[in-house]
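First the structure, in the form of structure tokens, and then the observations on it.
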Protein chains: 2
Amino acid sequence: MESQDLKKAGLKVTLPRMKILEILEQNRKKHLSAEDIYRILMVSNNEIGLATIYRVLTQFETAGLVTRHHFEGGQAVFELDCGVHHDHIVCVDCGKVEEFVDEMIEERQKRITEELGFDLRDHSMILYGVCKDREDCLKRRNN
Amino acid sequence: MESQDLKKAGLKVTLPRMKILEILEQNRKKHLSAEDIYRILMVSNNEIGLATIYRVLTQFETAGLVTRHHFEGGQAVFELDCGVHHDHIVCVDCGKVEEFVDEMIEERQKRITEELGFDLRDHSMILYGVCKDREDCLKRRNN
DNA sequence: ATGTATGCAAAACATTTGCACCTGG
DNA sequence: CCAGGTGCAAATGTTTTGCATACAT
């Protein structure tokens with residue numbers, strides 16, 4: 001029951017919040033912008049204001065329920081926080097996103113940070129590439 | 001003579017472009033936003049429109065003269081492209097930026113990309129931390 | 001001269017906020 | 001009932017664009 005997640009976060013269980021959480025659930029592994037969510041709600045006949053979506057996403061982020069990323073191209077994208085840190089690789093052609101973690105890199109980041117006289121708090125690492133499977137990629141590009 | 005850089009890039013040598021390039025030269029190692037540049041020009045009595053600054057920076061980026069970064073916090077920042085790739089660590093308190101390169105990480109990034117079925121084109125890695133030297137850091141924070 | 005660059009003001013975006021109204025507990 | 005949530009429209013901050021004018025070659 002996901003309404004528990006909301007209560008736990010100290011957020012009242014409202015329709016918009018439930019719906020948005022639901023959409024994020026159904027799109028685990030995808031990365032949606034506020035407007036993506038807005039459109040999805042639109043289509044399923046849930047007219048929720050864009051402002052509310054931004055507000056709710058920000059609250060979710062604060063509560064640690066979602067993570068916000070700034071891939072290239074204007075809009076921020078959001079994904080449900082699965083609890084495990086990971087980084088991303090994005091295809092510059094079709095937009096496909098894969099997640100990964102690499103202990104060695106995490107390790108080096110910590111060391112470098114120390115050497116430069118900082119305490120590491122967070123990091124953002126995004127690799128940009130193109131899918132080797134060109135057919136698949138181009139198919140995805142045209143939705 | 002930096003006007004050569006402009007000609008080489010196929011850009012007409014104009015006052016705004018020269019001035020902006022000059023400011024970037026004088027601030028190698030810093031990372032300036034379009035507005036930072038605007039203000040600096042202002043102070044030195046060179047009234048150049050903000051729109052022009054954005055246009056010129058974009059042209060410089062296309063020409064490979066500068067690199068654009070999206071650190072957290074709205075504005076994009078620019079730095080002269082010294083030809084050598086590097087990543088950044090930013091202090092979340094005072095905004096200090098240090099640059100570094102780590103061959104091991106670059107190596108791993110390439111391998112991971114391959115494993116996931118992509119061809120690596122580019123990457124962005126930004127570490128966020130706080131300066132260990134608190135005094136220095138807080139001093140910087142208050143400019 | 002002439003094609004390109006600039007300045008200004010207006011547009012375009014993504015995101016945030018003020019405020020009157022609505023809703024969950 | 002009432003604190004908190006929502007919708008709408010307007011404000012914000014950054015970046016882009018249209019167009020008349022100015023400039024480099």
Side-chain angles (χ1 to χ4, degrees), chain A residues 1-23 31-42 44-63 65-78 95, chain B residues 1-23 31-42 44-63 65-78 95:
Chain A
M1 200 54 160
E2 58 207 353
S3 61
Q4 296 314 308
D5 299 330
L6 290 175
K7 284 200 186 121
K8 223 182 301 171
L11 296 169
K12 215 181 259 186
V13 180
T14 65
L15 196 99
R17 298 216 257 242
M18 290 290 278
K19 284 295 173 197
I20 292 169
L21 202 47
E22 207 173 281
I23 300 222
H31 298 75
L32 304 177
S33 68
E35 248 195 283
D36 289 337
I37 296 176
Y38 180 67
R39 272 193 301 269
I40 293 173
L41 284 165
M42 220 52 169
S44 55
N45 282 314
N46 293 90
E47 306 253 341
I48 294 178
L50 192 50
T52 300
I53 296 177
Y54 275 108
R55 267 186 297 235
V56 168
L57 285 171
T58 302
Q59 292 157 350
F60 284 4
E61 188 189 20
T62 306
L65 289 175
V66 310
T67 314
R68 182 193 304 249
H69 300 288
H70 295 279
F71 298 166
E72 60 181 15
Q75 279 134 297
V77 293
F78 301 81
Chain B
M1 202 49 162
E2 56 206 354
S3 61
Q4 297 314 308
D5 299 330
L6 290 176
K7 284 201 187 125
K8 223 181 302 170
L11 296 170
K12 218 179 257 184
V13 180
T14 65
L15 196 99
R17 299 217 254 243
M18 290 290 279
K19 283 292 172 198
I20 293 170
L21 202 49
E22 206 173 282
I23 301 223
H31 297 75
L32 304 175
S33 67
E35 248 195 284
D36 289 337
I37 296 176
Y38 180 66
R39 272 195 300 271
I40 293 172
L41 283 165
M42 217 58 167
S44 56
N45 281 315
N46 293 89
E47 307 252 341
I48 293 178
L50 192 50
T52 300
I53 295 176
Y54 275 106
R55 267 186 297 235
V56 168
L57 285 172
T58 303
Q59 292 157 351
F60 283 5
E61 189 189 19
T62 306
L65 289 174
V66 309
T67 314
R68 183 192 304 249
H69 301 287
H70 295 277
F71 298 165
E72 58 179 16
Q75 282 136 295
V77 293
F78 301 81

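Chain letters run A, B, ... following the sequence lines, proteins first and then strands; every chain starts at 1.
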Practice task
Using only side-chain N and O atoms of B/Thr52, determine if any of them is under 4.0 Å from OP1 or OP2 of C/dG7.
Solution key: yes

Practice task
Remember a base hit wins even if backbone is also touched, and classify B/Leu15 as base, sugar-phosphate or nothing at under 4.0 Å, heavy atoms.
Solution key: nothing

Handout entry: Name of the residue among A/Ile40, A/Val66, A/Val77 meeting side-chain contact (heavy atoms from CB on, under 4.5 Å) with A/Leu32
Key = A/Ile40

Fill in the blank from the handout: Closest to the side chain of A/Thr14, out of C/dT15, C/dG24, C/dT17, is C/dG24

Completion exercise
When rounded to whole Å, the CD to C1' distance for the pair B/Gln59 and D/dT16 reads 13 Å

Exercise for the section: Decide whether B/Arg17 and B/Ser3 meet the rule of one side-chain donor and one side-chain acceptor closer than 3.5 Å. Expected result: no

Completion exercise
Contacts of B/Ile48 and A/Leu50 projected onto DNA chain C by closest heavy atom; the upstream (5') one is B/Ile48

Handout entry: Any B/Ile48 side-chain heavy atom under 4.5 Å of B/Val56 side chain
Key = no

Problem - Value in whole Å for how far the C1' atom of C/dA5 lies from CE of B/Met18 - result: 15 Å

Practice task
Would you tell me if any nitrogen or oxygen in the side chain of B/Thr58 comes within less than 4.0 Å of OP1 or OP2 on D/dT15?
Solution key: no

Exercise for the section: Could you check whether A/Ala34 gets within reach of a base, just the sugar-phosphate, or nothing at all, counting any heavy atom under 4.0 Å? Expected result: nothing

Practice task
Could you tell me, to 10°, how much the axis swings from one end of the helix from C/dA1-D/dT25 to C/dG25-D/dC1 to the other, five pairs per end?
Solution key: 30°

Practice task
Starting from P on D/dT14, measure out to NE2 on B/His70 and report it in whole angstrom.
Solution key: 14 Å

Practice task
With the side chain of B/Arg55 defined as its heavy atoms from C-beta on, choose the nearest nucleotide among C/dA14, D/dT17, D/dT16.
Solution key: D/dT17

Handout entry: Any B/Ser33 side-chain N or O less than 4.0 Å from OP1/OP2 of D/dT14
Key = no

Problem - Phosphate OP1/OP2 of D/dT15 contacted by B/Tyr54 side-chain N/O (<4.0 Å) - result: yes

Problem - Nearest-Å distance for atom pair NZ/C1', residues A/Lys12 and C/dG25 - result: 7 Å

Exercise for the section: Give the rounded distance in Å between these two atoms: CD1 of A/Ile37 and P of D/dT6. Expected result: 14 Å

Practice task
Starting at atom CD of B/Glu35, determine the distance to atom P of D/dT15, rounded to an integer number of angstrom.
Solution key: 9 Å

Handout entry: Listed nucleotide nearest any side-chain atom of B/Arg17, set D/dT6, C/dT16, C/dA5
Key = C/dA5

